[in-house]
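Positions are given from 1, in the same order as the sequence printed here.
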Amino acid sequence: MNKKAGEILNKTITLLVKTGGLGVSMDEVAAFAGVSKMTIYKYFSDKTTLFDKAGKAVMARSMAELSDTVHNDKSLV
């Protein structure tokens with residue numbers, strides 16, 4: 001994933017967390033990310049794909065943090 005797509009994905013994740021994700025439109029994502037919808041569609045074919053990749057990115061980050069915690073005897077608190 002290139003830098004711009006990563007930035008859009010990160011902004012999407014932030015927006016979804018802030019709003020709870022219900023009813024978030026591509027117009028809202030574009031405005032929050034500071035890009036046009038055309039730019040989003042350049043990297044993500046549709047809203048479902050973007051939100052799916054956002055969910056998978058959150059899960060991957062969470063799993064990496066959990067793995068680091070377990071393997072390095074860090075506290076879960």
Side-chain angles (χ1 to χ4, degrees):
M1 179 175 304
N2 73 29
K3 183 180 176 181
K4 190 65 169 180
E7 291 170 0
I8 292 168
L9 189 62
N10 287 332
K11 289 289 190 174
T12 300
I13 292 167
T14 300
L15 180 61
L16 292 173
V17 169
K18 283 184 171 190
T19 64
L22 297 176
V24 173
S25 69
M26 290 299 270
D27 287 322
E28 291 170 305
V29 172
F32 191 78
V35 298
S36 68
K37 284 197 308 185
M38 183 181 286
T39 299
I40 295 173
Y41 288 122
K42 177 179 176 182
Y43 300 105
F44 304 96
S45 59
D46 54 34
K47 181 178 170 179
T48 300
T49 300
L50 174 59
F51 286 16
D52 181 62
K53 288 188 183 288
K56 287 178 180 177
V58 168
M59 290 301 299
R61 291 173 192 171
S62 296
M63 292 303 296
E65 287 179 29
L66 181 58
S67 179
D68 179 56
T69 298
V70 170
H71 293 305
N72 293 304
D73 285 330
K74 295 180 180 178
S75 173
L76 292 173
V77 179

Using every non-hydrogen atom in the two residues, find where [X] and [Y] come nearest and quote the distance to one decimal.
X   : Y   : answer
R61 : I13 : NH1-CD1, 3.7 Å
A5  : F44 : O-CZ, 3.7 Å
M26 : Y41 : CG-OH, 3.4 Å
A30 : S36 : CB-C, 4.0 Å
T39 : K4  : CG2-CE, 4.4 Å
T12 : A54 : CG2-CB, 4.3 Å

Self-check item: D52 and T49: side chain donor to acceptor below 3.5 Å
Solution: no
Quiz item: Does atom NZ of K47 have more than 12 heavy-atom neighbours from other groups under 6.0 Å away?
Solution: yes
[atom1]/[X] to [atom2]/[Y] distance, rounded to the nearest 0.5 angstrom?
X   : Y   : atom1 : atom2 : value
I8  : K3  : CD1   : NZ    : 12.5 Å
N10 : L15 : CG    : CG    : 12.5 Å
K18 : E28 : NZ    : CD    : 12.5 Å
M1  : Y43 : CE    : OH    : 11.0 Å

Quiz item: Any link between V17 and F51 through a network of hydrophobic side chains (Ile, Leu, Val, Met, Phe, Trp, Tyr) touching at under 4.5 Å?
Solution: yes
Quiz item: With a 4.5 Å limit on heavy-atom distance, are the side chains of V29 and S25 in contact?
Solution: no
